[in-house]
Amino acid sequence: MSQVVNAGFPLLTATAAVPAVGAVLTAAVPAARRTAAKWLALLVSLVTLALAAVIFVRFEPGGDRYQLAESYAWIKDFGVRYELGVDGIGVALIGLTALLIPFIVLAGWHDADPLETSSRRWRPTQGFFALILMVEAMVILSFEATDVFLFYILFEAMLIPMYFLIGGFGDRAHSGTDENAAAQRSYAAVKFLLYNLVGGLIMLAAVIGLYVVAGNFSLTEIAAARADGSLEMATSTERWLFLGFFFAFAVKAPLWPLHTWLPNAMGEATAPVAVLITAVVDKVGTFAMLRFCLGLFPEASKWATPVIVALALISIVYGALLAVGQRDIKRLVAYASISHFGFIIMGIFAMTSQGQSGATLYMVNHGISTAALMLVAGFLISRRGSRLIADYGGVQKAAPVLAGTFLIGGLATLSLPGLAPFVSEFLVLVGTFARYPVAGIIATTGIVLAALYVLVLYQRTMTGPANEQTRSMPDLRVRELAVVAPLIAVLIFLGVFPKPLTDVVNPAVRHTMSDVQQKDPSPEVEAAK
């Protein structure tokens with residue numbers, strides 16, 4: 001790699017390099033110093049959060065589209081560059097990732113402590129936290145990459161640490177034998193890997209096709225060449241390339257019918273890893289739809305919009321219906337997330353500024369609300385040792401703070417006004433209704449079903465008579481409160497004052513709308529008689 005083209009401190013590289021180096025150092029901590037490894041991982045995640053805050057402060061919403069840019073020569077013969085830059089959408093998602101990782105580390109403080117079972121299997125603490133930090137590094141760098149080949153490498157590479165986190169550090173609350181639990185974890189991890197690898201291989205073919213057509217991998221150069229007419233793609237070529245990219249992103253997102261890996265992965269993973277999957281890693285898929293699908297293939301994106309909106313509607317309703325019928329707490333949250341990703345994808349392809357702003361805010365707000373709900377659910381499950389809803393009841397009498405935080409996380413999930421997800425869901429519905437009124441009306445059924453599965457979950461677990469196992473359940477401890485309380489505070493703050501995010505996101509959305517040459521539909525006003 002040659003010398004950096006840009007002058008100044010490489011802030012974007014540093015923000016990804018800190019957790020990457022931290023992962024190596026955490027893994028190298030001696031086996032007997034497990035506590036030191038935990039504190040090191042937490043410190044590294046906090047330093048990364050501080051760097052993400054610097055990115056947020058230094059980013060100028062009214063400035064260039066991609067800022068804090070870095071560009072290094074990498075593989076010259078193939079035109080591959082280590083090229084980074086952030087727009088408002090990338091800044092928001094980098095902030096989300098950096099914000100959640102310290103809470104994931106704290107919540108998983110004891111999840112990888114040594115555990116001897118009948119098969120004498122040990123859980124390496126250092127490896128658990130090192131893998132989390134490595135995922136953080138790759139996700140942040142994927143939000144910064146403006147070279148398509150670099151993004152592809154990161155898109156695929158993050159599957160490796162996630163595979164080991166799911167398969168090697170599964171949930172201890174399993175109703176079966178140790179052998180059955182191990183088999184379920186292995187199945188979930190392999191299914192996650194295979195689904196995403198297939199999507200990635202199809203994307204690789206599209207990446208190669210894009211290089212053949214464009215002659216380079218630079219997102220900014222390809223977009224500029226398309227804008228000035230120096231690069232033209234045949235309609236069929238653009239559509240095939242779009243489908244290759246979109247398929248991979250739809251698997252990662254996940255979009256129906258490519259979603260089936262998610263309930264298995266979230267159900268068998270520990271609660272912090274489940275949050276890492278749906279609140280962090282899956283956002284790479286929806287982010288890439290905005291940056292690459294719409295940015296590189298605008299005409300094909302418009303061509304595919306009706307089908308994608310239909311698939312998003314199915315995800316919304318199907319995911320919510322299955323969440324209503326779940327008996328497993330974690331699988332309920334997984335199906336709820338499928339429904340929420342349907343809203344995000346529908347907002348992206350509504351091709352309106354309200355829809356795309358709402359979709360971006362939804363990515364951030366869904367990440368925070370799902371983290372709050374899932375992590376509290378994890379604390380609940382660790383006390384009872386069961387994921388089954390039927391094994392609970394009357395928890396609010398024994399642990400009122402746990403029950404209260406669980407309720408707030410659930411209310412955020414159903415997008416209660418005053419909490420952050422309401423703003424994003426409202427914008428998605430308004431933006432969709434403006435162009436596709438029927439789709440907007442059908443999507444509102446997801447709101448009704450969300451209220452049903454969240455409130456029924458709370459009723460069955462927290463209210464009613466306490467059973468023998470929940471009667472003496474301890475309330476949240478200081479470490480657990482340190483995880484939940486800040487997330488709830490952020491949900492409330494962004495629910496009543498989303499302006500800091502919208503100011504950053506809206507200029508990027510305007511650029512995306514310009515890429516696809518779309519304008520918001522004018523409201524129809526009937527003439528006065």
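Please read all numbers here as calculations on a predicted model, not as lab measurements.
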Pairing donors with acceptors under 3.5 angstrom, does anything connect the side chains of [X] and [Y]?
X: Ser71; Y: Arg81; answer: yes
X: Ser218; Y: Asp147; answer: no
X: Thr13; Y: Tyr82; answer: yes

Fill in: Check against salt bridge (charged side-chain N to carboxylate O under 4.0 Å, His left out), Arg65 and Asp515
CA-CA 12 Å; Arg65 181 172 187 176; Asp515 288 340; 2.7 Å; yes
Worksheet entry | salt bridge (charged side-chain N to carboxylate O under 4.0 Å, His left out) partners of Glu299, counting only residues at least two apart | Lys302
Nearest heavy atoms of [X] and [Y], plus distance in Å:
X: Leu51; Y: Ala14; answer: CD1-O, 3.8 Å
X: Gly342; Y: Ser315; answer: CA-CB, 3.9 Å
X: Arg479; Y: Leu106; answer: NH1-O, 2.7 Å

So, do [X] and [Y] have ring centers that fall under 6.0 Å from each other?
X: Phe341; Y: His259; answer: no
X: Phe246; Y: Phe349; answer: yes
X: Phe297; Y: Phe245; answer: yes

Fill in: Euclidean distance, Thr405 OG1 relative to Leu375 CG, rounded to 0.5 Å
10.5 Å
Discussion item. Can you confirm whether Ser353 sits close enough to Asn506 that some side-chain heavy atom of one is under 4.5 Å from a side-chain heavy atom of the other?
Written reply: no
Worksheet item: Stepwise, does the ring pair (Phe, Tyr, Trp, His ring centres under 6.0 Å) test hold for Phe242 with Phe249?
Response: CA-CA 11 Å; Phe242 167 85; Phe249 303 152; 9.2 Å; no
Discussion item. With a 6.0 Å cut-off (strictly less than), is the heavy-atom count around CZ of Phe426, excluding the residue itself, greater than 12?
Written reply: no
Fill in: Whether over 12 other heavy atoms sit under 6.0 Å from Phe433 CZ
no
Practice prompt. Return the orientation label for the Phe493 and Phe497 ring planes: parallel under 30°, perpendicular over 60°, tilted otherwise.
Written response: perpendicular
Worksheet item: What pairs meet the side chain to side chain donor-acceptor pair (under 3.5 Å) rule with one or both residues in residues 238-253, with sequence neighbours excluded?
Response: Arg226-Glu238
